[in-house]
Asks: 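Just dropping this structure here.
Throughout, a chain's letter reflects where its sequence line sits, starting with A, and its residues are numbered from 1. For clarity, every value in this text was computed on a predicted model and none was experimentally measured.
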Amino acid sequence: MEASQLFTRQTKAIAVARRSLLIIESIPGIRYDEIVDVQLGSGELRTGQVIEVGKVMTVVQVFGGVSEVDLLRSKVIYKGETLKLPVSPDILGRIFDGSGYPIDGGPPVVSDSYLDINGIPANPASRIPPAEFIETGISAMDGLNVLVRGQKLPIFSGSGLPHNKIAAQILRQASLKAKSEEFAIVFGAIGVSYDDANYFIENLETTGALSRAVAFINTASSPVIERLSTPRLALTAAEYLAWERDMHVLVILTDITNYCDALRELAAMRGEIPSRRGYPGYMYTDLASLYERAGRIEGREGSVTIMPILTMPDDDITHPIADLTGYITEGQIVLSRALERKRIYPPIDVFLSLSRMMKEGIGEGNTREDHNNVFMQSYAVYAEGNYLREISTVIGSEALSERDKTYLRIADRFEQEFISQSETERRSVEETLNIAWKLFSALPVEDLKLIQQEYIDRYLPKR
Amino acid sequence: MGKIWRISGPVVIAEDMRGSQVYEVVDVGDARLSGEIIGLESDKAVIQVYEDTGGLRVGEPVAGTGEIFTVELGPGMVGNIYDGVQRSLVTMKEEIGDFIARGTRIPALDPDKKWSFTPTVKAGDKVSEGDIIGTVPETGLIEHKIMVPIGMEGTIEGIKEGQFTIRDTIAVLENGGGKKELTMAQRWPARKPRVYKRRFDPEDLLVTGTRIIDYLFPLALGGKASIPGGFGTGKTVNLQQMARWSQTHLNIYVGCGERGNEMADVLHSFKKLKDPATGRMLQEKEIFVANTSNMPVVAREISIFIGITMAEYFRDMGYDVLLVADSTSRWAEAMREIGSRLEETPGEEGFPTYLGSRLSSFYERSGRVECVGSPRRMGSATVIGSVSPPGADFSEPVTQATLRIVDALYSLDVALANKRHFPTINWLQSYSLYADTVDRWWKKVSEEYTYVRNQTLTILQKEADLEEIVRLVGPEALPEDDKLLLLVARMIREDYLMQSAFHPIDTYTDPARNHKMIYVIIKFYEMSRAMVESGALVSDIAGMKLKQRISRMKDIPNEEFDKYIADLLLDIEKSSIHEEGGG
C-alpha cells in the first residue's frame with residue numbers, strides 16, 4: 001500500500017453523475033472493487049467504490065451521493081489497491097472508524113502487514129468442528145443453547161428488547177472465565193446510535209477488558225458505505241488475532257439489520273434487480289462472506305466466534321434478514337416480547353432458540369455428565385407446561401387434572417427461576433443444571449423419562 | 001491471448017478472443033483465475049470466473065486452454081474432498097496451507113500415486129465403449145472398474161498388469177491402423193449426461209436407515225427426491241444421515257453454498273464411522289464436493305454437475321450410487337446472480353427463466369440403467385436435493401420448480417423442530433410415488449407391510465383431525481376410543497418416528513428391525529382397542545408395563561432386539577386372550 005501511494009493517480013474525466021453513480025473515462029491501472037476518493041470542487045472528499053471497470057468507461061459508486069459533484073472541477077483519485085487493514089498486536093485496546101482510521105485520539109497503527117478486508121476462505125478440509133464450551137453465565141444459554149468456540153450464533157431481537165444488555169453481559173462474563181487464556185474481543189458497531197456504541201465501550205472499560213478489545217465504530221451518522229466495510233474490518237482484525245496470534249476471539253457485530261439495509265440502499269442505487277422485500281438476490285452470499293469467517297482451524301490455537309445481533313423488523317422471524325442469517329449461522333438466540341412483558345430478563349425464547357453445535361460442547365469433560373439429559377428433560381417439561389397453558393386459556397385451568405396443574409406451575413417457575421436472572425448474575429454451568437434439578441424435584445420421579453437413573457440418584461434433590 | 005475489456009462482479013468480458021469456444025476454460029488476469037466462457041460475440045468472450053474478481057484490471061491477459069470444462073474421472077476420487085471446480089482440497093491443504101488462495105491449480109487426481117491394475121481382457125480381444133478392461137482396488141469397499149472411454153473401440157494390442165499411475169499407459173487399442181493409448185483416467189464434460197443402454201423404472205428400496213423414509217415414504221434406487229425445509233428443521237442432518245447410512249455402493253455429498261463448520265463436521269465424522277453392512281470405514285465409500293457459502297458463487301453452479309457426473313461414472317461401473325446435494329437453493333441463487341450480471345430478463349423473484357429446465361437437467365440424470373459395454377451390468381444413480389425456501393414458504397420458485405420434477409418429497413416442518421421432534425419430516429405433507437413399486441421389495445421383509453403402513457398413516461391422519469377438537473374441548477372430553485387413538489398416535493410419534501441421529505443404535509435402523517418396531521405398536525393398538533371395547537379405560541392402558549417396554553425398544557441393541565420383540569408380541573397376544581376370556 002505504501003508503495004502504491006506514490007503512484008496515486010487522478011482523473012477529471014467524469015462523463016456522467018447520476019443518483020450515486022459516476023461514470024468516468026477509464027484509466028489504466030484502476031482495479032475492480034477498489035476504494036477511491038472523490039474530490040469535489042469545494043475540496044470536500046468523499047469515498048467511492050469501483051463497481052464496474054470497462055475499457056472505455058468505469059463506474060464508481062459514491063458514498064454519500066453525488067450532490068454537488070460537477071463535471072468540470074470534481075476529480076476521482078485512485079490508488080490501484082483494494083481496501084486493506086494494517087495489523088499488528090498494537091490494534092488491541094484501540095478504536096477505529098468504518099474505514100479503519102483510529103478515532104480514539106491515538107496514533108495510526110504502524111505495521112508492514114496489510115490484510116485484504118474480504119479475507120480468504122478457509123479450506124473446508126482444514127477446518128475442525130467447534131466443540132469447546134464457552135461459559136456465558138446465562139442459564140438459558142449455558143443450559144439449553146450452548147455457545148462453543150468457533151461457532152456463529154446470532155441474537156435475533158426486536159426493537160426495544162434488551163439485546164445490547166445481553167450481549168454486554170456475555171462479553172463481560174465470557175471474558176472473565178477465560179482470562180487465563182489468550183482471549184480477545186472484537187466489536188463492530190454498524191449504523192447504531194452513538195449511545196449504543198458508547199454503552200459497549202463503557203462496558204469494556206469498566207471491566208478492564210478494553211485492553212483486550214478492538215472496536216470498529218460506524219454510527220448512524222457515519223457514511224452508509226462504511227456499514228459494509230465495518231464488519232469486514234472487524235473480522236479481518238479477528239482473523240489476524242486468531243490465526244496469527246493464537247487468540248480466542250469473540251466478535252460481536254451489531255446491528256446486522258443496518259448492514260442489510262445499507263446493502264439494499266446501495267444495490268437500489270445501482271439499479272440492480274431486487275429480490276425479496278427489495279434486498280439484493282446475493283444477500284445470502286454476502287452475509288455468508290461475513291459469518292463464515294467464524295471457525296477453528298486444525299493445528300492453530302486460536303478461534304473466531306461470532307455473535308451477530310439483528311433486530312427483526314416487526315419481530316418477524318421470516319423477514320429476509322433473520323431468515324438468511326438463520327440459514328447460515330449455527331443456530332440462533334431468539335428474544336421474546338412476551339417474556340419481556342412478564343419482566344423476565346433475559347427474555348430468551350427457548351423454543352425458537354437453538355444451538356446446532358451444542359451436542360459436541362456438553363457432557364462429561366466439557367460441562368457435566370447429566371447435561372444432555374437435563375437439557376432434553378427441561379425442554380419436554382417446559383413444552384408440556386406451555387401446551388397446557390395454551391389449552392387452559394380455552395377450557396379454563398379448572399378443567400385440568402392435578403398432574404396437568406403441576407406442569408402449569410412448573411412452566412411458570414421455569415421462567416422465573418431458570419431463565420430469569422439478573423444482569424450482573426454469573427451462574428456457573430453447575431448452578432444452572434442444579435436449578436433445573438430443583439424444578440424436576442416438584443414432579444413425580446417416574447415422569448423424568450429422559451434422564452438416566454444414575455443421574456437421578458446422583459443429582460435429584462432429596463425431598 | 002485475449003485481454004480483459006470489462007469487469008462486473010464474477011462476469012468478465014475479454015476482447016481479442018477470436019477462435020475460442022463456448023464453455024472453454026480460460027485463465028483470467030495476472031492472478032490466473034479460473035473461468036469459463038459462457039458466450040461469444042465477434043471477438044469478445046463473456047466469461048464467468050470461479051474465483052473472486054476483486055482487484056482485476058482492464059487489459060490484464062486472458063488465456064484460453066482450448067478445453068471445455070471436464071471432470072477428471074479415475075482412481076483417487078473415493079475418500080477425496082473437492083471444491084466446486086474439482087480441485088482436491090486435501091492436496092491443496094498439503095501444498096498451500098489452510099486458506100484457499102486465488103489462482104491455485106490443483107489436480108483432481110493424484111498424478112504420482114501408484115495403483116494396482118489387474119486386466120480383465122487380453123491382447124487380441126475386441127473391445128468397444130464402456131467395456132471393462134481391468135480393475136483397481138481403490139478402497140476396501142470400491143473396486144474401480146477401468147472402462148473403455150465413450151466413443152472408442154478397437155482391438156487390444158497390448159495390456160499390462162502391475163503398479164501404475166493414472167498417467168501411465170495401461171493398454172493400447174488398435175483400430176484400422178490407428179493406435180490409441182489408454183490410461184486409467186478419463187475426462188467427461190460436466191454438463192453433459194453420460195450415456196447408457198436402457199433405462200428402467202426404479203423398483204428396489206434404497207435403504208437409508210431412517211425409519212419414516214424407508215417405511216412410510218420409501219425412496220427407490222435410481223429415484224429422485226427433495227427435502228425442503230426452513231432453517232433449523234435439520235435439512236443438513238437428514239442429508240448427512242442419508243449419506244452416512246444409505247445401503248449403496250458409493251455416496252457423493254455435495255455441500256453447495258452451505259456452512260463450513262458443518263462440512264468440517266461431516267468430514268470428521270466420516271473418518272470415524274463404520275458402514276453398518278460391511279464394518280469398513282465410511283470414508284471408503286464417500287466422495288465430497290465442498291463449496292461452502294463463502295467460496296465463489298460461480299463455482300457453486302458447476303459443483304452440482306461435477307457431483308452428478310461422478311455419480312454417473314460410478315453408476316456405469318455397475319454400482320448403486322447416491323448423490324445428496326445440500327442445498328439446491330444456493331445453486332439456484334448462483335444462477336440468479338450470474339443471470340442478473342448478464343442482464344438476462346428475469347423470471348419469478350429474479351430467478352432466471354430457465355430455472356426449471358436447469359433443475360430438471362440435474363435431477364433427470366438420476367436413474368436405474370443398463371450400462372454401456374460388457375459385461376452386462378445394471379447401475380443406478382439416486383439423487384436427493386435439499387431446498388431452503390425463504391421464510392419456510394414452500395410457494396417460492398425453487399421449491400415449486402423442484403416439486404414438478406421429483407417423485408418423493410420429504411417436507412420438513414418448523415413446528416416439529418420447535419417441539420424437538422427429529423427428524424422433522426412431516427407425515428401429512430410428505431409423499432413418495434415409489435411406495436407402490438417398492439411395495440414388492442418390502443413384501444420380502446414382511447407380507448404385512450402394506451397393511452401396517454396403511455394403518456400407521458391412517459392413525460396419524462386421524463390424530464391430526466382429533467387434535468383440532470382437543471384444542472376446543474380439552475382431551476378429557478373425548479370418548480375412550482378416540483383417547484386410545486391419541487395415545488397410540490403419540491406412541492407412533494415418540495417411540496417410532498422420532499429417531500436420534502446421535503444415538504449409536506437409533507441412528508440406523510435396518511428394514512427388518514424397522515418393520516418390527518412399527519408392527520409391535522400396531523399390534524398393541526389392536527389389543528388395546530379390544531380392551532377398550534370391553535370396558536377398559538385408556539388411563540389404565542396408558543399405565544401398562546407393556547407400553548413402557550415398547551417405549552424402550554429404540555435403545556435395545558440389535559443382537560437382543562429379535563428376542564425383545566418376540567417377548568413383547570407374545571405378551572400382547574396373552575393380554576388379548578386374557579381380555580377375550582375375561583370379557
Asks: Let me know if A/Ile120 has heavy atoms under 4.5 Å from chain B in its side chain, its backbone, both or neither.
Replies: both

Asks: Checking heavy atoms, do the side chain of B/Lys419, its backbone, both or neither come under 4.5 Å from chain A?
Replies: neither

Asks: For a 4.5 angstrom cut-off between non-hydrogen side-chain atoms, does B/Glu262 reach A/Arg356?
Replies: yes

Asks: Taking C-beta and beyond as the side chain, do B/Phe231 and A/Ile317 meet within less than 4.5 Å on heavy atoms?
Replies: yes

Asks: Select one option (side chain, backbone, both, neither) describing which atoms of B/Ile81 are under 4.5 Å from chain A's heavy atoms.
Replies: side chain

Asks: So what's closer than 4.5 Å to chain B heavy atoms on A/Val53: side chain, backbone, both or neither?
Replies: both

Asks: To the nearest 0.5 Å, how far apart are CE in B/Met295 and CD in A/Glu292?
Replies: 10.0 Å

Asks: Does any heavy atom of chain B fall under 4.5 Å from the side chain of A/Met357, the backbone, both, or neither of them?
Replies: side chain

Asks: Heavy-atom distances under 4.5 Å only: say whether B/Val414 touches chain A with side chain, backbone, both or neither.
Replies: neither

Asks: Pick one of side chain, backbone, both or neither for A/Glu390, based on which atoms fall under 4.5 Å of a heavy atom in chain B.
Replies: side chain

Asks: Non-hydrogen atoms of chain B under 4.5 Å away: do they reach the side chain of A/Val350, the backbone, both or neither?
Replies: backbone

Asks: Between A/Tyr387 and chain B, with a heavy-atom cut-off of 4.5 Å, which part of the residue counts as in contact: side chain, backbone, both or neither?
Replies: side chain

Asks: Kindly say whether A/Gly281 contributes a backbone atom to a donor-acceptor pair with the side chain of B/Arg336 at under 3.5 angstrom?
Replies: yes

Asks: Which residue pairs pass the salt bridge (charged side-chain N to carboxylate O under 4.0 Å, His left out) test when at least one of the two sits in residues 326-335 of chain B, sequence neighbours left out?
Replies: B/Glu258-B/Arg330, B/Arg330-B/Glu333

Asks: Side chain, backbone, both or neither: which part of A/Ala122 has a heavy atom under 4.5 Å from chain B?
Replies: both

Asks: If I measure from the heavy atoms of chain A, does B/Pro346 come under 4.5 Å with its side chain, its backbone, both, or neither?
Replies: side chain

Asks: Where on A/Ile395 is there a heavy atom nearer than 4.5 Å to chain B: the side chain, the backbone, both, or neither?
Replies: side chain

Asks: Quick one: what part of A/Ala322 sits under 4.5 Å from any heavy atom of chain B, side chain, backbone, both or neither?
Replies: backbone

Asks: Tell me, side chain or backbone of A/Glu330 under 4.5 Å from chain B's heavy atoms, or both, or neither?
Replies: both

Asks: Pick one of side chain, backbone, both or neither for A/Ser401, based on which atoms fall under 4.5 Å of a heavy atom in chain B.
Replies: neither

Asks: With a 4.5 angstrom heavy-atom cut-off, could you sort out which part of A/Tyr284 is near chain B: side chain, backbone, both or neither?
Replies: side chain

Asks: For the residue pair A/Arg127 and B/Thr292, establish whether any side-chain heavy-atom pair is separated by less than 4.5 Å.
Replies: no

Asks: Is A/Tyr379 close to chain B through its backbone or its side chain, or both, or neither, when contacts mean heavy atoms under 4.5 Å?
Replies: side chain

